[in-house]
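To start, the structure itself, in structure tokens.
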Amino acid sequence: MLPRRILQFLIIYVLGICALLALKYGAGLSDYVIPGPDDLWRTGTEVFRPFGLDVLNTLTVAILGQVISVVLAIFVGVAGRRATWFGSFIKVAAYNVQAYPIVALAPILFILVGDGWITRLLIAAMICYFPVLLSVLGIMSEPVEDIEHFYRVTGRLRWQLEVKIRAFENLSKLTTVISGSATLAFAGTIVAEFIAANAGIGYSIRIALYQSDLSRILAALFFIGIVLSVYQGLLEITGALVRRTWAGV
Amino acid sequence: MLPRRILQFLIIYVLGICALLALKYGAGLSDYVIPGPDDLWRTGTEVFRPFGLDVLNTLTVAILGQVISVVLAIFVGVAGRRATWFGSFIKVAAYNVQAYPIVALAPILFILVGDGWITRLLIAAMICYFPVLLSVLGIMSEPVEDIEHFYRVTGRLRWQLEVKIRAFENLSKLTTVISGSATLAFAGTIVAEFIAANAGIGYSIRIALYQSDLSRILAALFFIGIVLSVYQGLLEITGALVRRTWAGV
Amino acid sequence: MRLACRDIRYRYPGSENELFNGLGFVLEEPGFHAVFGPSGVGKTSLARLLTGGIDDFSGDVAVKGLPIRLYSHNLERLPGWSSVGKHLSRITPPGREAQRETLVEAFGLTGFMDSRFSRLSLGQRNRVNLLRYLIQHFQLLIMDESLANVDEQTREQILLTIKEMFPESCFLYISHNVVEVATFCRKILVLRSPEKSPQAVFVGGQDRRKDARLDERRLQQSMLEIVNAS
Amino acid sequence: MRLACRDIRYRYPGSENELFNGLGFVLEEPGFHAVFGPSGVGKTSLARLLTGGIDDFSGDVAVKGLPIRLYSHNLERLPGWSSVGKHLSRITPPGREAQRETLVEAFGLTGFMDSRFSRLSLGQRNRVNLLRYLIQHFQLLIMDESLANVDEQTREQILLTIKEMFPESCFLYISHNVVEVATFCRKILVLRSPEKSPQAVFVGGQDRRKDARLDERRLQQSMLEIVNAS
Amino acid sequence: QAAEAVVYRLKWLFNVSVVGDLYADEKGLFAEKNLAVTVKEGGPERDAIKEIELGHAQFGVASADQVIRARSKGSPVVVIAQLFQVNPLQWIYRSGRVRIGNLSDLRGKTLGVTFGGNDESILRTLLAMAGLTERDVNLFSVRYDYTPFLRDRVDIWPVYRNAQGIILQDQLGAEGEETAFFNPAEYGVRFVANSVVTSEAMVRERGDMVRRFLSSLLAGWQMALEASRQPQVLEMLARFDPNLPPRVLAAQLDATRSMVRPEPNFSVGAFDAAAWRQTERIMLEQGLIPQPVGVERSLEPAFLP
Ligand SMILES: Nc1ncnc2c1ncn2[C@@H]1O[C@H](COP(=O)(O)OP(=O)(O)OP(=O)(O)O)[C@@H](O)[C@H]1O
Ligand SMILES: Nc1ncnc2c1ncn2[C@@H]1O[C@H](COP(=O)(O)OP(=O)(O)OP(=O)(O)O)[C@@H](O)[C@H]1O
Ligand SMILES: [Mg+2]
Ligand SMILES: [Mg+2]
């Protein structure tokens, strides 16, 4: 499963590069608009080590950010699941924060928490949490009548149990969303690095952009893709494992 | 429901402003770091019309972007729902595209589609589609055995019917995600405007950032919040309507 | 105890016809009673109405001495994350453990306490579900087709055990089996279509208990009355 | 036609005991047959095994003359987006519209064609679900407790109608009602616990048809045989 | 005695534009004065003035427009040195295809401009001087990447002449395209760029530390720009900015030198008060500040060596 995933990523990547090269030769674009294959290859070997390390650096932040965001999303999703005033208030707050693009919030964030690692983490978590939240809200606000009935009528339906039942009944949806959201945590971390950090692959992309070096950007995309495929694959395997052990299938 | 939503947004906004002001006076910060109430008020009245128009401009792009992204997400979600090689290929492709931060893809986008309106739309759609995709994937890959059995054994389970059944059984989850994703379409459009446009509220925010004018940014956040609350509220009402008519509840 | 309905009128929102059209009855003795009637006549609806699941009806439901009224039906499920036995022990009120064990035995479920609910057969699910209701505190328990997917022998054993263990409680057993309700139930509330008046009538059953012999003739008589009434 | 099982062995993954332990039987005549046995004995499992739902068993299932084998059970649902009538007409094979109408009538569902499935009573759902299978092309239809939540009178009418309309087809009717299977079924496959050998035996039933009188004595005899076999 | 901890926030990434700052740090010039300086990279979302006010930094680099804006909003910011004597913000163009001999040549051209940025103020001033209105030119909104310029959709494109300017010149040169720079200063617009800032409180209460810091910093700049140290400096730059080939780095360093030390014996850091006044006037005219702030009063030459 994991090797397949990586193979699939490679296919996509190669297809993308080929499309760009076709465009380059088709439209006769010069090397500074789209770099040629030799340039790509040279850059690729050159940045192999540094970008590899950068991506791993980014990955650590992304993983942490994802954990935070999943916890946050579950928290907000659980708090906002009811159709009460407070529930909808929580939802409005959570939605609005999301609507503000990070770039607009960044200055305020810098004022509040300063710069560095925490900001990077926070931005990653903010970008990642919302999609998880949407799913959690959808799942948590729909009763599973045929299971909950007994607990409700016998006065046993604490919120923890309610949440547990709904999570369990939608386990495969939840694991899909959570493992998929790794992608977002990654993208979020990169954005954060882009605007606020001095480490990580996002920072390298910013420098490459600033130096107008498309081959470096393409190389960075390659590393991002590989590492993400692996991480995502591992998450999916974990998801399957959780399903297996919890559901005893 | 709609007025309540707006009221809730106002409460959140006012709370946020108060927190900032408390910080300002607590730490004795100048208007340059955090603007005072008079400055805020003046800026607010000054930008009322232009920002209002900007936000509406952004909204139109966001709506279109959302429509595109929902269509795309459903398309990919349906194509990638099966546990086949092709299904997982589609998924890997869709996930990878998402992982690349827009800032890194922007140069490639500009090469491919040029700048302007289309790029803005595309970026909005790209940011918005992924969370919807995750949910659609989760929903579409889980069979509804007790309904599908009949159609499967009698050879009637075309993919359209399968999709329809699963969508219908998860209607409230889907509408939650789709109406929630409006937020993302909005944020996506703003990001796109930030990096690629010369119209819309994102563009105004960028200018305010360059001029480190926090009062303008706060005013922009206000308009974004209001318009988004209304749009989201309308989407939710539509969602409820769809549920009512389709499910006949 | 007393359970009295007076002039109940109810129509499902969006449906054309009244389901209950002046329904009324009074039940004053505890015991194992039945609700009987053709499919679609409103048994489930009546049960939900008596236990708070439906509350936009007109008319009165007066209840005395039955503070806890539970409704159980045959499509309920247990959560899937641990075995049936674990779930049951978690929801056993303190002091009822022995009762639970007796019921597990009588219900023929001894071998299935380590299984997950989703791996049980339909009849096993029915039984597990009913069992967990029985060990709760209640004065009235409505069993909506709770044993519909259980074989007759097991069902008989279950009914006799319940009657023996809970002589003071009130049960309303919804079933489509005439012989069964006539045999085991004390009073049978026969529901009829809304055009008929009265919409519900009581018929006496044989109320058979453990170790009691059944009078075949009187049973035939009860069955006839039930069929005639419906 | 011929439906023959030889030395079927099956154990659910993760379960300790064998469910089928050399099960074998041969059925060579079409008609309305039953599968009978206590709850949890493996009726549903056998049905799924015969229709492809379970395929990791050992032993042989040899089938001749029954190319289309359908399995239906009582927990199935219809999609909710339009009325039952619309769904039924969509899945009616060309030329079977009249048949469908006859069945709707006989099943007592005439008034419910405009309702959504989720608004039907349990017994009504059972009937709608069974009905849609009957109008499909099939040679073997397994009905797993398909009428478990329908009242006796309606059930009788349904069974008689089915037998009249599909005399050539083969049915396997899973039910817990001894009287019913003894009355209406031609052959009754009684499943027994895996320790017993053979694990399945056939008992003859009365195969009652419309307008035919029932011989009470022979019915008693059949019932006794069934009970003794199980 | 333990060194005093100081945070110094730059305006941009580590590259040739901060070569003196890096050199001072590398060579231990701060440590010599008993200061433990943390030099932090800047970026588009960074604002040294705000960080100084919030106490996250003690010194920083800001452009003149930032300083003027902050002063007009009551921020207690003080400028203690002006690093760039010539604003590196200039426009690159393909001299083979585009000819800009005087301001009126801008007519009809597609001009890259970062709306809201310094280059907008500068460009608008230039247009006003040439008697051109927005309708006489096409303004093209500039963003993170250069593709529109690379694909020749825009005639002139704003760059930091000593940094990206050199890189683009090199890339286009490799394809045989000639480039040149359009420098506003040649037309009399001398908008001030990067300067060293700190807070009024620092000046008032920690004058000694300010003096030690600034003298080390400026010494770093002096040394980094001396031709004799070029190999050493290039080696250092290559470490901080490893992606660029040495020839590009050398060209960048040359360009920087001419902007920070226009003459061989120029003392780095001196104020060009007239340019500051012009900067303020431009901002006032364009409505970027509501009223004059008297920017000279925030210039504090007392700490210059
Ligand atoms: N939610 C609903 N909306 C509209 N009509 C409903 C709804 N639920 C049930 N009905 C109708 O009300 C009538 C009574 O339903 P009810 O479920 O109470 O019947 P029942 O006596 O329990 O039948 P069964 O024996 O088949 O379970 C039926 O005709 C059914 O179609
Ligand atoms: N998925 C499963 N995994 C493990 N064991 C199972 C599974 N499904 C059923 N069983 C077990 O296999 C046995 C036979 O189940 P099956 O559903 O075939 O019984 P049945 O004869 O249909 O019973 P009923 O009359 O109650 O429906 C039961 O003991 C049940 O617990
Ligand atoms: Mg019912
Ligand atoms: Mg079964």
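Chain letters run A, B, ... following the sequence lines, proteins first, then strands; residues in each count from 1.
Other residues, nucleotides and ligands contribute only 12 or fewer heavy atoms inside 6.0 Å of the CZ atom of R218(C). Applying the 6.0 Å contact sphere to NZ of K86(D) captures no more than 12 heavy atoms from other residues, nucleotides or ligands. Residue N228(D) places its CG atom among more than 12 non-hydrogen atoms of other residues, nucleotides or ligands, all under 6.0 Å distant. For CD of Q153(C), the number of neighbouring non-hydrogen atoms (other residues, nucleotides, ligands) closer than 6.0 Å is 12 at most.
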Q: Give the intermediate values and the outcome of side chain to side chain contact (heavy atoms under 4.5 Å, CB included) for residues T44(D) and L122(C).
A: CA-CA 9 Å; T44(D) 299; L122(C) 203 53; 5.7 Å; no

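Nearest heavy-atom pair across S39(D) and S121(C) is OG-OG, 3.7 Å.
Rounding to the nearest 0.5 Å places NE2 of H176(D) at 8.0 Å from CZ of R155(C). Considering CG of D151(C) and OG of S175(D), their distance stands at 10.5 Å, rounded to 0.5 Å.
Between L75(D) and the choices N149(C), N74(C), L75(C), the side-chain contact (heavy atoms from CB on, under 4.5 Å) rule is met once, by L75(C).
Ranked by non-hydrogen atom pairs under 4.5 Å with chain D, the options K43(C), R127(C), H73(C) are led by R127(C). Interface summary for chain D: among D144(C), T154(C), V178(C), the most heavy-atom pairs under 4.5 angstrom belong to V178(C). Of the listed residues (V41(D), V179(D), N177(D)), the one with the most heavy-atom contacts under 4.5 Å to chain C is N177(D).
For E152(D), the parts sitting under 4.5 Å from any heavy atom of chain C are the backbone and the side chain alike. Contact annotation for Q124(C): both backbone and side-chain heavy atoms come within less than 4.5 Å of a heavy atom of chain D.
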